[in-house]
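Below is one structure, written out as structure tokens; the observations come after it.
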Protein chains: 2
Amino acid sequence: MRRPARRPTMKDIARRAGVSESAVSFALNDRPGVSPATRERVRRVAEQLGWQPSTAARALSGEGAATVGLVLARPARTLGVESFFLRLVSGVQEVLAERRLGLLFQVVEDVAAECEVYRRWWAEHRVDGLLVVDPRHDDPRPGLLDSLGLPAVIIGGLEPALSDGAVEYPAISQLRTDDAGAMASIVDHLFQLGHRRIVHIAGLPELAHTQRRTHSLRAAANARGLTEVRSVSTDYSDTEGAAATRAVLAGERPPTAIVYDNDVMAVAGLAVAAERGLAVPGDLAIVAWDDSVLCRSTHPGLTALVRDTSAFGRRAATALLALLDGGSAVHVLDERPRLTPRGSTVRDAR
Amino acid sequence: MRRPARRPTMKDIARRAGVSESAVSFALNDRPGVSPATRERVRRVAEQLGWQPSTAARALSGEGAATVGLVLARPARTLGVESFFLRLVSGVQEVLAERRLGLLFQVVEDVAAECEVYRRWWAEHRVDGLLVVDPRHDDPRPGLLDSLGLPAVIIGGLEPALSDGAVEYPAISQLRTDDAGAMASIVDHLFQLGHRRIVHIAGLPELAHTQRRTHSLRAAANARGLTEVRSVSTDYSDTEGAAATRAVLAGERPPTAIVYDNDVMAVAGLAVAAERGLAVPGDLAIVAWDDSVLCRSTHPGLTALVRDTSAFGRRAATALLALLDGGSAVHVLDERPRLTPRGSTVRDAR
DNA sequence: ACTCCATGCTAAAGCGCATTAGTTCATGAC
DNA sequence: GTCATGAACTAATGCGCTTTAGCATGGAGT
């Protein structure tokens, strides 16, 4: 039974380099107070010993925890259906890794539990900042985080209208998605293909982006004089997606096109169409909001709104770093996702 | 601009309760040395102040970091295709949350980078233990973690044959999946349906479970005297899954049944069948290893190997907690996944 | 009566680092 | 030759917690 190696500390470096601990600290943190020669020597010894700063000790002496947090509040049932998050996280990490920041991750059931986690992390000194996803109307989280003094980036930010009226927090940035533009491009596409009856099978109604999309759909429809256009909300699950699809298709004057708020429901919708003997895109056109492997794997392929989720994650992380560096809060609009037509709306596409 | 609240410390509690800091520590950690009355009083004050221990300070005084790590080494391209991980993580968290342990999460490109992360986390004092996924043949990770003295649970552990011959590490548990049993149940199912030519479209060949499945398939085929059975490896992506499917279907004596190592490739395979005009399950039967929304959303539904991934995560986390509590390493075989027949193998199923 | 020993508590040290306040020593100004 | 100056470095303190050692107090044992 081997005894595990002891972690080297600055004291070890100091001894080996024949200087004081403070000199080591200065040398390694690019602070003035040591000669270039000493700095170099200390650096070499540190390297040689494989020294890494203890985040615990750093955090304790006021340097922050070198960690950002991300909490996912989704009921267990609708979890794991979206590949969105893993891609988002992988983008986030690319940026965080450069600064050696860790990502503390947690999955909880609801927003109340999420707030509890934030409080705990704050009290435990665990994180320096947060990435907040799934912003919602009357969201308690920005206010809470502000009162705790924790910087944060709201991913897929709040409606400017909402946040203009509300308080602006000095350390909370918003990275908004261009839902209005995206929805307009979808309606455009479907309109040009001749569709006049469109149903939007949306996600959770309390989420801010669901509301934005619903509003945008109505606006786009009004602009074109379309009256038979509406949104139906679900919980993002395949089950509710399929049920909603059956419901609208069974109604009188069923839609000729359906826009789904995620890939999973779109695939479920495609299966419902097959089950009812409807030809896609002949009898029913399908559009998925957010592309993924799924949309490319079905037959026909699903027309989808493609965005570079990984880049989105990178931008979010970058915005958070700016805040951590003392920058002031910003409010940015992310680039508009591109609509990629495939076989579920256009006959000759694959 | 409001000044954020200061975190309460044990000193604050001590002052308010009129005792020394040490008494507070004893009281809050259920250590002997304080009277029940004092203990209760201290507890009340702590509660009232909303005190939470600073993990940084705790970690520094030798209590561990109250955090476990999980690194996902997947090339960016194949990332985000599997819902498996999010479900696994959600199960893991349920168990960790009870003990207020955090989960430090990182996505990297390959195993070498993963090892780097382990070294860094170790030196930085960031984690107390690790969950290791995607074990592979000649895996460098168990040895590394052992030498660093970091407890770990290998999720989907190594072959007993392999690890028997190799060194057994005192603080590394293995949670094995019953790939052999599962593969046998699949072959059983297909054999009874009359299939004699079966192809297994596997995942990354270097992964231990890919090898186990491949071996098990051969064994199961031999046991039944089947000669036209083989495995093909891929990178788990829909692209390679589809390509492999096209390749085997184009060969002479094409299979009548294909077993896919994940849900994404199975769906891609289904699309290829549709594209070639093959009836499923009439001309081609399809089985997916690991169920997900996907398998239920296609038409026909995909026969899949169902396991409770969240429970699997819970078991893994529990095993890690046992190690952190000083328990000795164990080697457990997880329960066998159940094969759920659906329309892709059985005609009258949905 | 005395020691002996729990009991309930306080004082102090230490974890690894950053930081502030010295200390030493050469250099340059005058 | 003296004195101020700044560079290069050391000593000491604190972050919030755990832990060990120490210190009274009071009751049991002989």
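Every chain is numbered from 1, with letters handed out A, B, ... down the list of sequences. Values below: every heavy atom of this structure, side chains too, minus hydrogens, waters and symmetry copies.
Remark: A/Asp128 engages no residue in a salt bridge (Lys or Arg N to Asp or Glu O under 4.0 Å) (not counting sequence neighbours). For A/Phe26, there are no ring pair (Phe, Tyr, Trp, His ring centres under 6.0 Å) partners two or more places apart in sequence or in a different chain. Take A/Arg314 and apply the salt bridge (Lys or Arg N to Asp or Glu O under 4.0 Å) test, not counting sequence neighbours, and it matches A/Glu94. Residues passing the salt bridge (Lys or Arg N to Asp or Glu O under 4.0 Å) test with A/Glu116 are A/Arg119, sequence neighbours excluded. By the side chain to side chain donor-acceptor pair (under 3.5 Å) test, B/Arg43 pairs with B/Asp30, sequence neighbours left out. The side chain to side chain donor-acceptor pair (under 3.5 Å) check on B/Ser35 picks up B/Thr38, with sequence neighbours excluded.
In terms of position on DNA chain C, the residue among B/Thr38 and A/Pro8 whose nearest nucleotide sits closer to the 5' end is B/Thr38.
Scanning DNA chain C 5' to 3' for nucleotides with an atom closer than 4.0 angstrom to a non-hydrogen atom of chain B gives a first and last hit of C/dG8 to C/dG16. Protein chain B contacts DNA chain D from D/dG16 to D/dT20, reading 5' to 3' and using non-hydrogen atoms of the protein with a distance under 4.0 Å.
Residue contacts for B/Met10: at a heavy-atom cut-off of 4.0 Å it reaches a base atom on one of the strands shown.
In terms of heavy atoms, A/Ser90 sits closest to B/Val107 at CB-CG1, 4.1 Å. The heavy-atom pair separating A/Ile172 from A/Asp146 by the smallest distance is CD1-N, 4.1 Å. Among all heavy-atom pairs drawn from B/Ala317 and B/Val95, the shortest one is CB-CB, 3.7 Å.
One finds the NE2 atom of A/His125 at 13.0 Å from the CD atom of B/Gln52 (value rounded to the nearest 0.5 Å). Taken from SG in A/Cys115 to CG in A/Leu144, the straight-line distance is 5.0 Å, to the nearest 0.5 Å. Note that CH2 of B/Trp122 is 8.0 Å distant from OG of B/Ser147, once rounded to the nearest 0.5 Å. Taken to the nearest 0.5 Å, the CD atom of A/Glu21 stands 5.5 Å off from the CE atom of A/Met10.
A heavy atom closer than 4.0 Å to some atom of DNA chain C occurs in B/Leu60, B/Ser61, these being the qualifying members of residues 49-65 of chain B. Less than 4.0 Å separates DNA chain C from at least one heavy atom of each of the following residues of residues 18-36 of chain B: B/Val19, B/Ser20, B/Ser22, B/Ala23, B/Phe26, B/Gly33, B/Val34, B/Ser35.
Axis angle, first five pairs versus last five pairs of the helix from C/dT3-D/dA28 to C/dC30-D/dG1: 60°, rounded to 10°.
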Name every donor-acceptor pair, under 3.5 Å, that has one atom in a side chain of residues 53-73 of chain B and the other anywhere in the protein, sequence neighbours excluded.
residue, atom, partner, partner atom, Å
B/Ser54, OG, B/Ala56, N, 3.4
B/Ser54, OG, B/Ala57, N, 3.1
B/Thr55, OG1, A/Glu124, O, 2.9
B/Arg58, NH2, B/Asn29, OD1, 3.0
B/Ser61, OG, B/Ala57, O, 2.9
B/Ser61, OG, B/Arg58, O, 3.4
B/Thr67, OG1, A/Arg126, NH1, 2.9
B/Thr67, OG1, B/Ala65, O, 2.9

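A donor-acceptor contact shorter than 3.5 Å is absent between the side chain of A/Trp121 and the backbone of A/Val127.
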